[in-house]
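Notes follow once the structure below has been shown.
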Amino acid sequence: MFARTAISRNTTRCLRSANSRGLASAAIQNPWHYETSDSQGVKVATRDDGGPTANLAIVVKAGSRYEPAPGLAHALANFAFKNTTTRSALRLQRESELLGSFLSSSVSRENVVLRAKFMRQDLPYFLEAFADVLKNTKYQYYESIEEVLPAINAQIKQYTTNSAQQALEAAHVAAFHRGLGEGQFAVIKKYISHSSVADYAKQAYNKSNIAIVGSGLQHGEVAKWTGEFFKDLSAGPALTSPATKYFGGEQRIEKDAPASFVIGFPGSAAGTQFKPEFKVLAHLLGGKPQVKWNQGASFISKAIAPLEGVNAEANHLSYSDAGLLYVTVGGPESQLGKAGSAVVEAIKAAGSATPEQVKAAINQAKFDVLAKAEDKSLGLEDVGQSVIHNGKAPQYNDAVKALEGVSQKTVQEAVKKLLDGKASIGAIGDLKVLPFGSEMGLNV
Amino acid sequence: MSAVGARAFHRFLDTKPSLKKVFLPLAEKYKNLAGYRQKGLLTDDLISEENDVVQKALKRLPPKVAYDRVYRLRRAMQLSLTHQILPPSEQIKPEQDIPYLRPYIEEIEDEIAERTKLEMLTKA
C-alpha cells in the first residue's frame with residue numbers, strides 16, 4: 001500500500017512538466033534520418049521530425065523463431081505491461097492514460113515489440129516504464145490465467161478465422177520448415193506457464209537482444225535516459241536461431257472455412273544483402289488497384305480481371321536472413337483453380353515486362369518506402385531489427401537509391417530465378433477445389 | 001474479525017513489542033485449544049469465503065495448493081460427522097500452519113484500495 005499523496009504527487013508532476021517544456025527548437029536537417037549510438041550497452045536509434053508527438057519502441061530479438069517451445073514469444077508479448085515489483089499493471093495503465101498515451105505490444109517471427117505513443121516531453125516516464133517491464137515483471141501465475149491466456153485466446157480466434165493468414169503461415173512452413181517456418185502464434189498452449197514465460201523473458205530481455213527505437217525524439221535525450229534506466233539490465237548472451245534454409249513444397253490443410261492459398265517464392269533478406277528487385281517485382285505483380293473502382297494495370301490485376309470475385313495480391317516479406325515473395329489468392333471456390341493458373345501466367349508474363357512497366361513498379365515501391373518513412377509508428381520494428389543484427393539503421397534514402405538502380409534486366413533475372421526454383425504453396429479450405437502447384441505449372 | 005480488521009490489529013501489535021510478547025503465546029494456545037488443528041485444518045482454512053475478495057483469492061491459488069485445501073476441508077467434514085479427531089501424527093503442527101491464503105487476500109485488498117485511489121484522482 002502507498003499513500004494517496006504519493007500517487008498524486010508523481011502523476012501531477014508528470015502533468016505539470018507537460019506545460020513547462022516546449023517543442024524541440026533545434027533546426028532539423030533531415031527529419032527521417034536515423035541516428036544510432038550505444039548507451040550503456042543498449043543500442044539506440046532515433047530520428048527527430050520536431051513534431052509534438054513521439055513513438056518509442058523496444059524491439060526485442062525474441063520472436064517465434066527464437067522461442068525454445070511453441071507459443072512462448074506470443075505469451076511474452078502478452079505479458080508486457082503487467083504487474084511489476086515496483087508498480088501494478090493498473091497503475092501503469094492509469095498513469096499512461098493521464099499522460100494521454102498508448103501502450104501496445106506485438107509479436108512477429110523475428111521480434112517481440114513493445115510500443116508507446118506519447119507527447120514528446122513524457123519520454124523519461126515511458127523509458128522508465130519500459131525498463132521496469134523488462135527488468136521487474138513478476139510473471140504471476142494468476143495473471144497468466146486471468147489476463148494473458150484470455151488475450152492470447154482472443155488473438156488465436158481471430159487468426160483461425162482468417163484463411164489468408166493461415167495460408168501464409170502454411171506457406172512459411174513449406175518454405176522454411178523450422179525457425180522461420182514455425183507458427184508465430186501460441187496455437188499450442190501446453191508449454192505456456194508463468195514460469196516458462198519468466199524463463200524465456202530472462203533469456204530475451206537483456207542488452208544483447210534489445211534495441212530502443214524512437215521517432216520524433218531527440219537522440220541525446222533518448223540516449224541519456226536509456227543509460228539511466230537500462231544500465232542495470234543484464235548483459236546476457238544473445239538468443240540464437242539456426243540459419244534459415246529455403247526448402248519449398250506444398251502444405252495443404254483441409255478446413256471447413258473460406259478457401260485461400262498462397263504461392264510463395266524465395267525473396268530477399270533484409271539488411272546489407274537486400275535485393276531491391278524483389279520489392280519492385282512485388283509491385284510489378286501487384287494485384288491491389290491503385291485507384292478505387294478500378295481493376296488496376298498490374299500483371300496480376302489484369303490476369304484475374306475476368307474471374308469474378310477473385311482477389312489476389314503480391315507482397316514481399318524480408319526477414320533477417322531470408323525473404324518470401326508471395327501471392328495470396330482468395331475468392332469464390334469455383335474460380336480458385338483458374339485463378340491459380342492465371343496468377344502463375346501473370347508471373348511468367350512479368351518476366352517480359354516493358355521498361356515503362358518496371359518504371360511504374362519502381363515508383364510504387366518508392367512511394368511505399370517514403371510513405372512508410374514518413375509515418376511515425378511504422379517501420380520502427382525494421383529499424384530495431386537492423387540495429388540489433390548489424391548495428392546500422394536502414395536509411396530511407398539508401399532504400400530509394402537502391403530501388404532506382406533496378407533495371408528491366410534485373411527484374412527479368414529475378415522472375416527466371418523464381419520460376420526455375422521451387423515454389424512454396426500453402427493452401428487451406430476445401431482441398432477438392434484448391435489447385436496443386438503442378439496443376440498451376442509450378443515446380444514444387 | 002474481518003480480514004481488514006485483523007490486518008490492522010496485526011500492524012498495531014507490530015508497533016507494540018511488549019504487547020505482542022503477551023499476545024503471541026496466548027494466540028498459539030488459543031489456536032491449539034480451538035481444535036481445528038486436531039481436525040487437520042490450517043488457520044487460513046477458517047477464513048470465511050463468502051465474499052468477493054476471498055473468492056477471487058481462492059481462484060488465484062496455485063492448483064496444488066487449492067487441491068490440498070479442498071482435501072483438508074473434506075477430511076475435516078468427515079471427521080466432524082464421525083465425531084473423531086486425527087491421530088496425533090497427522091494433526092497439524094504449529095510450524096505447518098502457514099498462511100497460504102492471506103497473502104492473496106492482502107494483495108487483492110491492496111489492488112482494490114489502489115483502484116479506488118486512482119479512480120478518485122483529480123488533476124491538480
Side-chain angles (χ1 to χ4, degrees), chain A residues 1-20 81-101 103 119 122 125 129 136-150 189-190 192-198, chain B residues 1-16 42 44-45 47 49-71 98-124:
Chain A
M1 287 245 302
F2 41 79
R4 177 174 176 199
T5 47
I7 314 178
S8 44
R9 202 185 312 126
N10 286 333
T11 36
T12 48
R13 193 182 299 150
C14 292
L15 292 171
R16 252 204 313 281
S17 68
N19 308 323
S20 60
F81 313 121
K82 294 288 179 283
N83 287 347
T84 72
T85 48
T86 53
R87 60 154 82 71
S88 69
L90 177 74
R91 185 160 172 198
L92 178 60
Q93 276 169 23
R94 290 295 147 91
E95 286 182 353
S96 56
E97 278 167 12
L98 278 173
L99 293 170
S101 63
L103 294 174
M119 284 174 274
D122 300 329
Y125 174 82
N136 303 328
T137 300
K138 284 184 184 165
Y139 302 100
Q140 284 161 313
Y141 163 74
Y142 64 80
E143 263 192 322
S144 72
I145 305 290
E146 288 177 12
E147 316 245 347
V148 177
L149 282 172
K189 287 183 269 296
K190 65 179 171 184
I192 300 174
S193 74
H194 62 295
S195 56
S196 66
V197 178
Chain B
M1 196 187 293
S2 74
V4 181
R7 269 176 91 184
F9 186 61
H10 273 278
R11 258 190 232 126
F12 168 71
L13 275 189
D14 281 341
T15 61
K16 303 266 188 290
L42 307 183
D44 277 8
D45 293 335
I47 295 172
E49 61 178 81
E50 283 82 11
N51 62 68
D52 293 344
V53 173
V54 182
Q55 283 301 319
K56 197 166 186 184
L58 288 174
K59 279 203 192 103
R60 289 185 174 186
L61 287 176
K64 173 82 169 81
V65 177
Y67 177 89
D68 287 350
R69 171 189 159 86
V70 172
Y71 174 76
I98 45 162
Y100 70 93
L101 186 59
R102 259 171 286 172
Y104 290 93
I105 295 177
E106 286 169 15
E107 202 171 349
I108 293 164
E109 281 168 350
D110 287 349
E111 275 170 28
I112 293 170
E114 187 183 25
R115 186 176 285 273
T116 319
K117 274 172 189 151
L118 285 167
E119 240 124 76
M120 293 196 300
L121 196 64
T122 49
K123 275 193 188 182

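Just so we're on the same page: letters track the sequence lines, and every chain starts at 1.
Looking only at side-chain heavy atoms (C-beta outward), Glu111(B) and Ser88(A) stay at 4.5 Å or farther from each other. Residues Gln140(A) and Glu107(B) form a side-chain contact, since some pair of their non-hydrogen atoms from C-beta on lies under 4.5 Å apart.
Among all heavy-atom pairs drawn from Arg60(B) and Tyr141(A), the shortest one is O-CD2, 3.6 Å.
Taking NZ of Lys117(B) as the start and CG of Leu90(A) as the end, the distance is 12.5 Å to the nearest 0.5 Å. Interatomic distance, Gln93(A) CD to Leu118(B) CG, rounded to the nearest 0.5 Å: 10.0 Å.
With a 4.5 Å cut-off on non-hydrogen atoms, Glu146(A) touches chain B through its side chain but not through its backbone.
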| request: May I have the step-by-step check of side chain to side chain contact (heavy atoms under 4.5 Å, CB included) for Arg94(A) and Arg115(B), ending in yes or no? | output: CA-CA 9 Å; Arg94(A) 290 295 147 91; Arg115(B) 186 176 285 273; 3.9 Å; yes
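No more than 12 heavy-atom neighbours from other residues, nucleotides or ligands sit within 6.0 angstrom of CG on Asp52(B).
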